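A quick write-up on the structure given underneath.
Owing to the predicted nature of the structure, the values given are computational and were not obtained by experimental measurement.
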Amino acid sequence: MTKYVGILTAGGDTPGLNSAIRAIGKTALGMGMNVIGFRDGFHGLVGDRTMRLDGETLSGILTIGGTILGTSRDKPHKMLMGGQKLDMTDTMMETYRKHNLDVLVCLGGGGTLKNSYRLMQKGMNIINLPKTIDNDVAMTDVTFGFDTALGIATEAIDRLHSTAHSHHRIIVVETMGHNTGWLALGAGLAGGADVILIPEIPYNVEIVAEAIKRRYRHGRGFSIVAVSEGAMPQHIAAELQAAQAELEKAKNKEARQKAKTHIAEIEARRAHSTMYMSEQLEKLTGLESRVTILGHVQRGGTPSTVDRLLTTQLGCACVHYIKEGQYGVMVAVRGQGTTAVPIDQVVGKRKVVPLEHPWVQSARNLGTCLGDQ
Ligand code: F6P
């Protein structure tokens with residue numbers, strides 16, 4: 001029986017998405033399956049906006065950044081439709097049935113896993129591939145896109161070194177990473193940053209300033225501070241923890257809303273903490289400080305060799321599971337190979353940097369300041 005396969009890409013775009021689409025498409029077509037793409041994430045399932053994925057469309061996309069399908073952060077159960085947020089999961093089921101799909105392959109990170117799980121509960125067969133530059137998906141060694149972003153952030157730190165050195169300045173470089181520090185830690189370590197600040201290790205700005213002054217006393221008039229966008233000073237981390245505990249304890253809707261508003265207010269302050277920290281470092285060290293926010297540059301452009309290989313391997317493995325009829329799984333990276341992880345086991349989990357991770361240990365061994373001691 002011919003199998004019908006749908007593909008969509010959801011969440012923030014990532015280098016390697018096209019390479020993954022190509023691998024799934026070419027392998028599936030080679031096995032006589034039918035393949036169709038949905039545009040702009042889950043939104044494409046609502047309006048049945050599709051793209052034919054044939055040999056021609058799949059050709060020449062291996063090295064191209066972004067996603068030929070388009071993406072969005074739309075949630076099936078809360079989709080913005082004409083100014084209102086509506087549950088569109090039933091409409092999506094209709095599209096799925098209309099195309100006679102055997103499976104919908106969703107390329108995405110933690111948010112996509114949650115959305116896939118919702119559709120699975122409605123009766124869809126789903127397979128996920130773990131994508132995000134943040135590397136924060138649980139139960140997979142790594143996510144695709146991370147290696148490319150890591151390379152871009154490392155190169156940026158390399159380039160910032162010479163200008164920091166010439167001007168005897170502090171340069172604070174902010175990476176993406178959402179609430180995890182994989183990008184800042186990896187790029188900071190590979191780029192030889194003097195200070196690395198990640199969400200998993202809340203920092204004390206005076207300890208950071210002291211490390212920079214120590215370098216100065218030893219004749220190093222410049223310092224590079226790699227900071228993850230989710231990093232925060234210790235007092236904000238304590239406030240956030242207390243507010244989250246309030247949310248868990250909240251007994252009624254009103255109390256929950258109050259706790260959520262409080263969390264949003266703390267997170268807004270945290271979002272500005274990089275600029276604020278840079279100003280504080282100027283005051284505490286007497287040195288000039290500049291901030292570079294790498295932002296979406298980390299998500300753009302051609303995928304690295306590692307990400308091309310990874311997405312090709314994941315895409316081929318995905319079609320193997322389709323052939324076997326093994327659905328409701330995320331194709332995870334395990335060592336040199338891949339493995340199928342049930343989506344209901346991985347949904348809602350996040351992979352943070354363990355404090356005993358070898359990269360953390362290496363940074364400490366090198367004397368890199370992590371902001372806590
Ligand atoms: O999840 C990927 C990511 O790039 C995060 O690192 C970042 O916090 C977020 O997406 C930015 O999202 P957007 O592109 O929607 O602003």
Is the backbone N or O of G286 less than 3.5 Å from a side-chain atom of K213, with the two atoms forming a donor-acceptor pair by type?
no
Once rounded to the nearest 0.5 Å, what's the spacing between atom CZ of R169 and atom OG of S223?
13.5 Å
Side chain to side chain contact (heavy atoms under 4.5 Å, CB included) with F38: of V46, I7, L101, L69, only one passes, and it is L101
Donor-acceptor contact below 3.5 Å, side chain H43 vs main chain R39:
no
Taking NZ, NE, NH1 and NH2 as the nitrogens, is one of them in D194 or R214 under 4.0 Å from a carboxylate oxygen of the other?
no
Side chains of R308 and T302: donor-acceptor distance under 3.5 Å anywhere?
yes
Determine whether a donor-acceptor pair (N or O, by modelled atom type, separation under 3.5 Å) exists between the side chain of T312 and the backbone of A23.
no
Please check if the side chain of R22 supplies one atom and the backbone of S59 the other of a donor-acceptor pair under 3.5 Å.
no
Between F42 and T112, does a side chain to side chain contact (heavy atoms under 4.5 Å, CB included) hold up when you go through it step by step?
CA-CA 9 Å; F42 292 97; T112 305; 4.1 Å; yes
Kindly say whether G177 contributes a backbone atom to a donor-acceptor pair with the side chain of E229 at under 3.5 angstrom?
yes
Quick one: does T71's side chain have a donor or acceptor within less than 3.5 Å of a partner on T9's backbone?
yes
Name the one of H262, R269, Q234, Q244 that satisfies side-chain hydrogen bond (donor to acceptor under 3.5 Å, both in side chains) with E239?
R269
Nearest 0.5 angstrom please: M277 CE to L284 CG, how far?
11.5 Å
Regarding E155 and R159, does a basic nitrogen lie under 4.0 Å from an acidic carboxylate oxygen?
yes
Does a salt bridge link K260 with E267, judged by any charged N lying under 4.0 Å from a carboxylate O?
no
Taking all non-hydrogen atoms of both residues into account, name the closest pair between T154 and A187 and its distance.
OG1-CA, 3.5 Å
M31, CE atom: more than 12 neighbouring heavy atoms under 6.0 Å
yes
Taking all atoms of both residues into account, what is the closest heavy-atom pair of T175 and A153, and its distance?
CG2-CB, 4.3 Å
Check: M79 main-chain N/O paired with D74 side-chain donor or acceptor under 3.5 Å
no
Please answer whether the main-chain N or O of A209 pairs with a side-chain N or O of T285 as donor and acceptor at a distance below 3.5 Å.
no
With D54, which residues qualify under salt bridge (Lys or Arg N to Asp or Glu O under 4.0 Å), at least two apart?
R52
Please round to the nearest 0.5 Å and tell me the distance separating atom CD1 of I236 and atom OH of Y203.
7.0 Å
Side chain to side chain contact (heavy atoms under 4.5 Å, CB included) against K3, all qualifying residues, sequence neighbours excluded
M33, D102, I322, Y327
Residues which pass salt bridge (Lys or Arg N to Asp or Glu O under 4.0 Å) with D13, listed by chain and number, not counting sequence neighbours:
R299
Hey, does the side chain of K351 reach the backbone of T140 with a donor-acceptor pair shorter than 3.5 angstrom?
yes
Mind telling me whether W359 and F146 have parallel, tilted or perpendicular rings, with 30° and 60° as the class edges?
parallel
Which distance, rounded to the nearest 0.5 Å, do you find between the CD1 of I21 and the OG1 of T67?
4.0 Å
Would you sort out whether T180 and N135 count as a side chain to side chain contact (heavy atoms under 4.5 Å, CB included), showing the intermediate values?
CA-CA 8 Å; T180 60; N135 194 32; over 6 Å; no
Any side-chain donor-acceptor pair under 3.5 Å between D48 and H99?
yes
